[in-house]
J.: 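Got a structure here, written out as structure tokens. Questions coming.
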Amino acid sequence: MLTSKWQPTSAEMVTTDFKREMTLLIEHIKKFKAQYLLTLTNEMQFTISPELQEWVIGNIIPELQKTGLKKQAMIVPHEFFAKLSVEQTIHDINSTKRPITKIFSHKEGAMEWLYN
């Protein structure tokens, strides 16, 4: 299992920073052969624009599907716009059928789902 944690400093990010972080995440999933991913976005302050959501679907999801990742659990952000953008992105990811991604409000529920 791999854990990815977004920091409150993500409020200062720009589009290129987000793309770099997502690309780095894919590299880590491949390197460590992760089957499960816990993404902690509860402190995320960055809003994923509709254009970035499309970029994720077109660039990150195809790479993610090439990995052995089976499940991804996401703890949603507290900040309204960041939460909304994460939820929309997850909806788009789930339309691709792989990996199975589910949103949680607490880490405990996410961990239980990942391992069952």
Side-chain angles (χ1 to χ4, degrees):
M1 185 179 88
L2 188 66
T3 300
S4 171
K5 182 176 181 180
W6 288 89
Q7 301 295 326
T9 54
S10 63
E12 302 163 14
M13 286 178 34
V14 295
T15 299
T16 53
D17 297 329
F18 178 80
K19 288 180 176 182
R20 182 180 60 246
E21 291 299 320
M22 294 303 294
T23 302
L24 187 59
L25 177 62
I26 294 295
E27 290 174 14
H28 281 86
I29 291 169
K30 288 177 181 177
K31 178 180 179 180
F32 296 107
K33 297 176 176 49
Q35 293 183 10
Y36 306 99
L37 176 62
L38 175 63
T39 304
L40 305 172
T41 63
N42 49 317
E43 294 184 16
M44 184 180 199
Q45 299 292 316
F46 181 77
T47 300
I48 307 166
S49 70
E51 294 80 20
L52 271 179
Q53 291 172 22
E54 288 183 26
W55 179 85
V56 168
I57 296 301
N59 296 279
I60 297 301
I61 299 308
E63 290 301 313
L64 199 57
Q65 291 174 334
K66 293 176 187 175
T67 71
L69 195 67
K70 295 177 182 177
K71 289 182 175 180
Q72 177 183 16
M74 294 190 82
I75 310 301
V76 293
H78 299 298
E79 198 276 322
F80 177 76
F81 291 110
K83 178 180 179 182
L84 189 62
S85 68
V86 166
E87 288 174 343
Q88 180 59 46
T89 303
I90 295 307
H91 177 270
D92 293 343
I93 290 170
N94 282 336
S95 69
T96 68
K97 306 287 188 249
R98 185 168 175 256
I100 300 168
T101 304
K102 193 169 177 181
I103 295 174
F104 295 87
S105 56
H106 296 7
K107 186 177 177 180
E108 294 76 23
M111 295 295 289
E112 181 178 329
W113 177 77
L114 281 171
Y115 286 113
N116 289 317

J.: Check whether any side-chain N or O of Q45 sits under 3.5 Å from a backbone N or O of E12 as a donor-acceptor pair, and report yes or no.
T.: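 A pair under 3.5 Å: no.
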J.: On a heavy-atom basis, which atom in G58 and which in P62 lie closest, and how many Å separate them?
T.: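 Closest heavy-atom pair between G58 and P62: O-CG, 3.4 Å.
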J.: Identify the heavy atoms of L2 and F32 that sit nearest to each other, and give their distance.
T.: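 Here L2 and F32 meet closest at CD1-CD1, 4.4 Å.
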J.: List in chain and number order the residues that pass side-chain contact (heavy atoms from CB on, under 4.5 Å) with I103, two or more places apart in sequence or in another chain; answer none if no residue qualifies.
T.: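 If we apply the side-chain contact (heavy atoms from CB on, under 4.5 Å) test to I103, skipping adjacent residues, the hits are V76, E87, I90.
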J.: List in chain and number order the residues that pass side-chain contact (heavy atoms from CB on, under 4.5 Å) with Q35, two or more places apart in sequence or in another chain; answer none if no residue qualifies.
T.: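 Here the qualifying residues are K70.
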J.: Could you tell me the separation between the NZ atom of K31 and the CD1 atom of I29, rounded to the nearest 0.5 Å?
T.: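 With rounding to 0.5 Å, NZ (K31) is 13.5 Å from CD1 (I29).
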J.: As an exercise, state the distance from CG of L69 to OG1 of T101, rounded to the nearest 0.5 Å.
T.: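 Going from CG on L69 over to OG1 on T101, the span is 7.5 Å.
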J.: Taking only residues two or more places apart in sequence, or in another chain, which ones meet S49 in a side-chain hydrogen bond (donor to acceptor under 3.5 Å, both in side chains)?
T.: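 Only E51 meet the side-chain hydrogen bond (donor to acceptor under 3.5 Å, both in side chains) criterion with S49.
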J.: For S105, which residues count as a side-chain contact (heavy atoms from CB on, under 4.5 Å) partner, sequence neighbours excluded?
T.: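 side-chain contact (heavy atoms from CB on, under 4.5 Å) check on S105 returns nothing, list empty.
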J.: OG1/T47 to CZ/F18 distance, rounded to the nearest 0.5 angstrom?
T.: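 The OG1 atom of T47 sits 10.5 Å away from the CZ atom of F18.
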J.: Can you tell me how far the CG atom of L40 sits from the NZ atom of K5, to the nearest 0.5 Å?
T.: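 One gets 6.5 Å once the value is rounded to the nearest 0.5 Å.
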J.: Using 0.5 Å steps for rounding, measure from the CE atom of M13 to the OG1 atom of T9.
T.: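 Nearest 0.5 Å value for the CE-OG1 distance: 8.5 Å.
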J.: Before you tell me yes or no, could you show the steps for K30 and I26 under side-chain contact (heavy atoms from CB on, under 4.5 Å), namely the whole-Å CA-CA distance, both residues' side-chain angles and the distance that decides it to 0.1 Å?
T.: CA-CA 6 Å; K30 288 177 181 177; I26 294 295; 3.8 Å; yes
J.: Just distance, no hydrogens or angles: give the donor-acceptor pairs under 3.5 Å from side chains in residues 106-116, sequence neighbours left out.
T.:
from	atom 1	to	atom 2	distance (Å)
N116	ND2	E112	O	2.8

J.: Looking only at heavy atoms, what is the nearest atom pair of I60 and T23, with distance?
T.: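 Taking every non-hydrogen atom into account, CD1-N, 4.1 Å.
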J.: Sorted by first residue and then second, give each salt bridge (Lys or Arg N to Asp or Glu O under 4.0 Å) pair with at least one member in residues 13-29; sequence neighbours left out.
T.: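 Salt bridge (Lys or Arg N to Asp or Glu O under 4.0 Å) check on residues 13-29 returns D17-R20.
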J.: How many angstroms lie between atom CD1 of I48 and atom CD of Q53, to the nearest 0.5 angstrom?
T.: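 Output value for this atom pair is 6.5 Å.
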J.: Decide whether I100 and F104 are clustered together by the hydrophobic rule: side chain heavy atoms of Ile, Leu, Val, Met, Phe, Trp, Tyr closer than 4.5 Å, transitively.
T.: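 Linked within one cluster.
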J.: Which heavy atom of E43 sits nearest a heavy atom of S10, and at what distance?
T.: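 For E43 and S10, the tightest heavy-atom pair comes out as O-OG, 4.4 Å.
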J.: Is any side-chain heavy atom of L25 closer than 4.5 Å to a side-chain heavy atom of L64?
T.: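 They are not in side-chain contact.
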